[in-house]
Amino acid sequence: MKKVFVSDRLLEIPDSPIRKLAPFATAAQKQGITVLKLNIGDPDIKTPQVMLDQLTHWVKNPISYSASQGQPEFLKALEQYYHQLGFSYLKQNNIQITTGGSEAISLALFSICNPDDEVLVFEPFYANYQSFSVQNHVHLVPITTFGHNGFHLPPKKEILSHLTSRTKAILLCNPNNPTGTVFTKTEMDTIFSLAKEFNLFVISDEVYREFVYDGRKHISILEYMPKFPRQSILLDSLSKRYSLCGARLGTLVSLNPDLMTGVLRIARGRLSSGLVDQLMASKLTEVNENYFTAIINEYQTRRDVIFSGLSQIPGVYLTNPEGAFYLVVRLPVHDAEHFCKWLLTDFSYQDTTVMLAPAAGFYLTPDLGKNEVRIAYVINQDDLKKAILIISQALLKYQQLFPL
Ligand SMILES: Cc1ncc(COP(=O)(O)O)c(C=O)c1O
């Protein structure tokens, strides 16, 4: 009988380093172990009440499709959001609503790249970029950044050395997941000078826009967009900003009419994003203006707790993240993935353990990140302190079992 094979490209899709250890966490929980989840950026901060009220008072029946570009109330709310950020040139027709920022990433790659085109990306990068690139037959070309300078960009001539005739775009995540780096005006200027010189797209993933610390200013691609209307693409999401991870809402924003018309054709093919999600999120215009101030303070305090706590553990190396709610930490272990799994299968301290994301999956260059983990500080300060204690105890025991 003829065998039925799945595609070669399916086999190329990497598993998510953020989620692949989940079965071990579930097994630990079934044995009565509490697992503190630092592996995934699913915030514990509450979703704004004004959004939840939309669900409590839901009347629309039946729950229909929405418009393919987006539900009008939600588009209007987002237009207002971008205007309040100071970008009043943006109009609703520059915004495509997507099913999470995830869909926006995929749409952007598909829409600007022919098969086998290349996109420059700074590693470590958000691991799922690789999955979306493989799905869209795009090659990510990694340019390595390092902890010793806070994972900031290398000099222009190094970025330049990765350009080929197939390079189509530079993909940037700002503030960065997984490093927490916030790129400076000088770095953004460099990116756009390359884009100008070599006619490239710039894709900026800004799903953590608000989360910048120590009084830093976030430099958005929206500041460059009017000058580079055909080349700039903003990827955005409501998941982190309003603790709406389960609502699955994002946006792709561009002034390029060809891009937006094509993206809308794809959007029509997938009908629409969720109506309930969009109507709930359209209440963002009514969210209290102090909402972000309190949240940014909370994340910054957690950042301080985790940075100072982990810094005191012998053999641990990290740099102070400038934004988002992640950090990359080098551990005194050979194989961080083995350590992360061991934490779930073989270790607990006072019936509690921690779940971390091994960092190798955030790099494309082989062997990089093998002794690093990504940590998301999305749990409360007391639990975060507990997690630091557990990591320090676990490292003591692990090093006895598996010496360096
Ligand atoms: C940098 C970055 N971009 C995009 C996403 C996708 O988020 P969502 O699909 O929930 O909007 C995430 C999620 O963690 C992320 O960290």
Side-chain angles (χ1 to χ4, degrees), residues 9 12-14 94-96 98 101-145 153-174 176-177 183 187-207 220-237 250-267 269 362-365:
R9 64 187 181 183
E12 276 176 46
I13 304 278
N94 308 128
I95 304 172
Q96 170 64 50
T98 57
S102 301
E103 189 188 25
I105 300 167
S106 194
L107 280 174
L109 292 171
F110 180 89
S111 304
I112 63 169
C113 290
N114 289 314
D116 292 329
D117 277 350
E118 296 172 359
V119 170
L120 303 186
V121 66
F122 301 97
E123 69 178 358
F125 57 81
Y126 176 53
N128 292 327
Y129 289 160
Q130 175 61 359
S131 177
F132 290 121
S133 298
V134 175
Q135 289 172 52
N136 288 294
H137 304 269
V138 171
H139 298 292
L140 289 184
V141 176
I143 301 173
T144 310
T145 62
L153 298 189
K156 184 174 173 181
K157 69 174 189 312
E158 196 193 324
I159 304 176
L160 207 73
S161 71
H162 290 81
L163 285 173
T164 73
S165 57
R166 298 231 65 138
T167 311
K168 210 58 198 286
I170 303 175
L171 169 58
L172 197 74
C173 179
N174 184 26
N176 188 257
N177 172 8
F183 296 105
E187 287 172 305
M188 292 299 285
D189 285 349
T190 302
I191 296 291
F192 274 94
S193 76
L194 285 163
K196 186 172 176 196
E197 219 175 312
F198 298 95
N199 220 6
L200 304 172
F201 283 96
V202 178
I203 310 171
S204 185
D205 179 339
E206 302 186 2
V207 311
S220 172
I221 192 171
L222 293 175
E223 298 191 15
Y224 296 80
M225 202 173 265
K227 211 168 153 204
F228 297 89
R230 294 194 66 82
Q231 288 160 275
S232 306
I233 303 173
L234 168 70
L235 308 180
D236 221 336
S237 166
T251 62
L252 184 152
V253 177
S254 170
L255 298 181
N256 183 328
D258 299 330
L259 179 81
M260 294 312 280
T261 308
V263 162
L264 182 57
R265 282 202 303 276
I266 301 177
F362 295 80
Y363 289 85
L364 265 184
T365 305

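Because only heavy atoms are used, hydrogens play no part in the values below, and waters and symmetry mates are left out as well, while side chains stay in. Computed from a predicted structure; not experimentally measured. Nothing fancy with the numbering, it's 1 onward along the sequence.
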Check the pair L259 / I112 against side chain to side chain contact (heavy atoms under 4.5 Å, CB included), numbers first and verdict last. CA-CA 8 Å; L259 179 81; I112 63 169; 3.9 Å; yes
Start with the C-alpha distance between C113 and V119, add both sets of side-chain angles, then the distance that settles side chain to side chain contact (heavy atoms under 4.5 Å, CB included), and finish with yes or no. CA-CA 8 Å; C113 290; V119 170; 3.7 Å; yes
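In terms of heavy atoms, T365 sits closest to P142 at OG1-CG, 3.8 Å. The shortest heavy-atom contact between T251 and T98 is N-OG1, 3.3 Å. Nearest heavy atoms, I143 versus P154: CG2-CG, 3.6 Å. Taking all atoms of both residues into account, the shortest heavy-atom contact from L252 to A108 is CD1-N, 3.9 Å. For I233 against I221, the heavy-atom pair with the smallest separation is O-CD1, 3.6 Å. Closest of all the heavy-atom pairs between N256 and R230 is ND2-O, 2.9 Å.
Looking at T145, N174, T144 one by one, the single match for side-chain contact (heavy atoms from CB on, under 4.5 Å) with F122 turns out to be T145.
With a 4.5 Å cut-off on side-chain heavy atoms, V207 and L235 do not count as touching. The side-chain heavy atoms of P257 and M260, taken from C-beta on, include no pair separated by under 4.5 Å. Counting only heavy atoms from C-beta outward, the side chains of L255 and S232 never approach each other to under 4.5 Å. Using a 4.5 Å heavy-atom threshold, the side chains of Y224 and D189 count as touching. Residues N128 and I105 form no side-chain contact, since every pair of their non-hydrogen atoms from C-beta on lies 4.5 Å or further apart. Side chains of Q96 and L264 form a contact here, defined as non-hydrogen atoms less than 4.5 Å apart. Within the 4.5 Å cutoff, the side chain of S254 has no heavy atoms near those of the N94 side chain. At least one side-chain heavy atom of L172 sits less than 4.5 Å from a side-chain heavy atom of M188.
Aromatic pair F228/F192: centroids less than 6.0 angstrom apart. The aromatic ring centroids of F132 and Y129 lie 6.0 Å or more from each other.
Side-chain atoms of E187 come within 3.5 Å of backbone N or O of L153 as a donor-acceptor pair. Remark: the backbone N or O of T164 is paired with a side-chain donor or acceptor of T167 at under 3.5 angstrom. No donor-acceptor pair closer than 3.5 Å links the side chain of D205 to the backbone N or O of C173.
Here L120 contributes atom CG and L171 contributes atom CG; the two are 9.5 Å apart, rounded to the nearest 0.5 Å. One distance of note links OG of S220 with CE of M225; it measures 7.5 Å at 0.5 Å rounding. Of the inter-residue distances, the one linking H137 atom NE2 with D117 atom CG reads 12.5 Å to the nearest 0.5 angstrom. With rounding to the nearest 0.5 Å, the separation of CG in L140 from CZ in F125 is 5.0 Å. The structure places NZ of K168 at 12.5 Å from CG of D116, a figure rounded to the nearest 0.5 Å. Here the straight-line distance linking atom CD1 of I170 with atom CG of L163 works out to 6.5 Å at 0.5 Å rounding.
Judged by distance alone, the side chains of R166 and H139 never bring a donor and an acceptor atom under 3.5 Å apart. In the model, E197 has no side-chain atom that pairs as donor or acceptor with a side-chain atom of S193 under 3.5 Å. Y126 and N176 share no side-chain donor-acceptor pair at under 3.5 Å.
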